[in-house]
There are 2 protein chains.
Amino acid sequence: MVQYKIRLDTTFAALADVTRRGVLEQLGGSDASITDLAQRFDMTLTGMKKHVSILEQAGLVTTEKVGRVRTCKLGLRRLEEEAAWIERHRELWSARFDALDEIVDHLKRKERADAHRKRR
Amino acid sequence: MVQYKIRLDTTFAALADVTRRGVLEQLGGSDASITDLAQRFDMTLTGMKKHVSILEQAGLVTTEKVGRVRTCKLGLRRLEEEAAWIERHRELWSARFDALDEIVDHLKRKERADAHRKRR
DNA sequence: CTTACAGTGAACCATATGGTTCAGTATAAA
DNA sequence: TTTATACTGAACCATATGGTTCACTGTAAG
């Protein structure tokens with residue numbers, strides 16, 4: 001209950017920063033070290049480390065250090081809770097879900113096409 | 001482009017606070033004055049005013065002052081952008097959309113049932 | 001062994017955030 | 001016309017945030 005609220009807090013806060021959303025985009029493409037990310041976002045190692053820690057705390061990213069390099073990947077959490085929260089409020093806002101339906105359908109079609117393409 | 005990023009920033013930031021999410025829930029039930037909200041959330045008028053302003057700036061709430069009382073209602077924005085962003089990242093995280101599909105279907109069924117009930 | 005590299009932690013800094021109090025202004029009620 | 005209500009704005013406060021530098025540790029490479 002309380003945990004749930006805290007998690008929404010930390011997740012939404014984690015998402016409320018351009019750099020961190022950028023890092024998530026980046027990691028969606030491929031895993032990266034702190035150094036990689038720091039360079040890509042023109043920031044000190046220490047600064048990037050902080051962002052990664054915040055994302056990690058929100059469960060959006062996981063990291064593993066092997067040797068001297070820490071590799072960051074997207075976390076296992078898939079924003080179900082946050083999606084559900086937003087959905088619930090879309091319900092309050094509007095009596096219809098057509099817009100999201102379209103988004104989901106579109107992404108689903110796109111994703112299936114991609115998967116198909118990759119598989120061949 | 002830049003605007004888009006700023007909007008995600010402000011919206012996610014607006015949602016990253018328990019009180020503000022509470023206000024949204026509240027307004028989902030019925031419109032309310034600043035005084036109503038301040039009482040409900042045990043906070044000064046000034047404090048609540050700030051929260052409402054933040055929600056207003058994010059387009060999540062609209063207000064209208066008539067006489068000396070300002071009435072707050074849910075805004076017209078329906079979090080399409082934010083839902084889309086989260087969806088896009090769910091795509092990165094997972095190859096399947098079943099979970100959200102279920103959520104949407106469930107809410108849609110529930111909403112349709114409600115609408116049906118109200119209409120009769 | 002020495003040197004370079006990747007990350008980490010502490011300290012610091014400017015600004016933002018979430019809240020307050022206090023002193024107004026405008027409107028409604030008596 | 002007085003008084004109470006509803007809000008507003010400025011000022012203030014403590015803490016959080018997003019970033020830096022600097023000193024350090026551990027690991028890899030020469």
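Remember, predicted model here, so these are calculated numbers, not experimental data.
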Colleague: Indicate whether any N or O donor in one side chain lies under 3.5 Å from an N or O acceptor in the other, for A:Glu56 and A:Thr63.
Modeller: yes
Colleague: Nearest-Å distance, CZ (A:Phe12) to P (D:dT17)?
Modeller: 16 Å
Colleague: NA contact type, A:Ile34, heavy-atom cut-off 4.0 Å: base, sugar-phosphate, or nothing?
Modeller: sugar-phosphate
Colleague: Specify the separation, in whole Å, of atom CD of B:Gln39 and atom P of D:dT5.
Modeller: 12 Å
Colleague: D:dG19 C1' sits how many Å from A:Met43 CE, rounded?
Modeller: 7 Å
Colleague: Could you list all N or O pairs between the protein and nucleotides 22-30 of chain C that sit under 3.5 Å apart?
Modeller:
from   : atom 1 : to      : atom 2 : distance (Å)
C:dT27 : O2     : B:Arg68 : NH1    : 3.3

Colleague: Could you pick out which residue, B:Val69 or A:Asp17, lies toward the 5' side of DNA chain D when each is mapped onto its nearest nucleotide?
Modeller: B:Val69
Colleague: Which residue, B:Val69, B:Thr71, B:Leu45, forms the side-chain contact (heavy atoms from CB on, under 4.5 Å) with B:Ile34?
Modeller: B:Leu45
Colleague: Just the rounded figure in Å: distance from C1' of D:dT8 to CE of B:Met48.
Modeller: 15 Å
Colleague: C:dA6 P sits how many Å from A:Leu37 CG, rounded?
Modeller: 13 Å
Colleague: Taking donor-acceptor contacts at under 3.5 Å, does the side chain of B:Lys49 reach the base of D:dG9?
Modeller: no
Colleague: Atom SG of A:Cys72 and atom NE2 of A:His51: how far apart are they, to the nearest 0.5 Å?
Modeller: 12.5 Å
Colleague: With rounding to the nearest 0.5 Å, note down the distance linking CG in B:Leu27 to NZ in B:Lys73.
Modeller: 10.0 Å
Colleague: Rounded to the Å, how far apart are A:Leu45 CG and C:dG9 C1'?
Modeller: 13 Å
Colleague: Measuring from atom CG of B:Asp36 to atom CD of B:Gln26, what distance do you get when rounded to the nearest 0.5 angstrom?
Modeller: 8.0 Å
Colleague: When B:Leu60 is tested against each of B:Thr10, B:Leu15, B:Ile54 for side-chain contact (heavy atoms from CB on, under 4.5 Å), which residue passes?
Modeller: B:Leu15
Colleague: Rounded to whole Å, how long is the line connecting atom CG of B:Leu55 with atom C1' of C:dG18?
Modeller: 13 Å
Colleague: Within this structure, what is the CZ-CG distance for the pair A:Arg20 and A:Leu37, rounded to the nearest 0.5 Å?
Modeller: 13.5 Å
Colleague: B:Lys50 has an atom NZ; how far is it from atom C1' of D:dT8, in whole Å?
Modeller: 12 Å
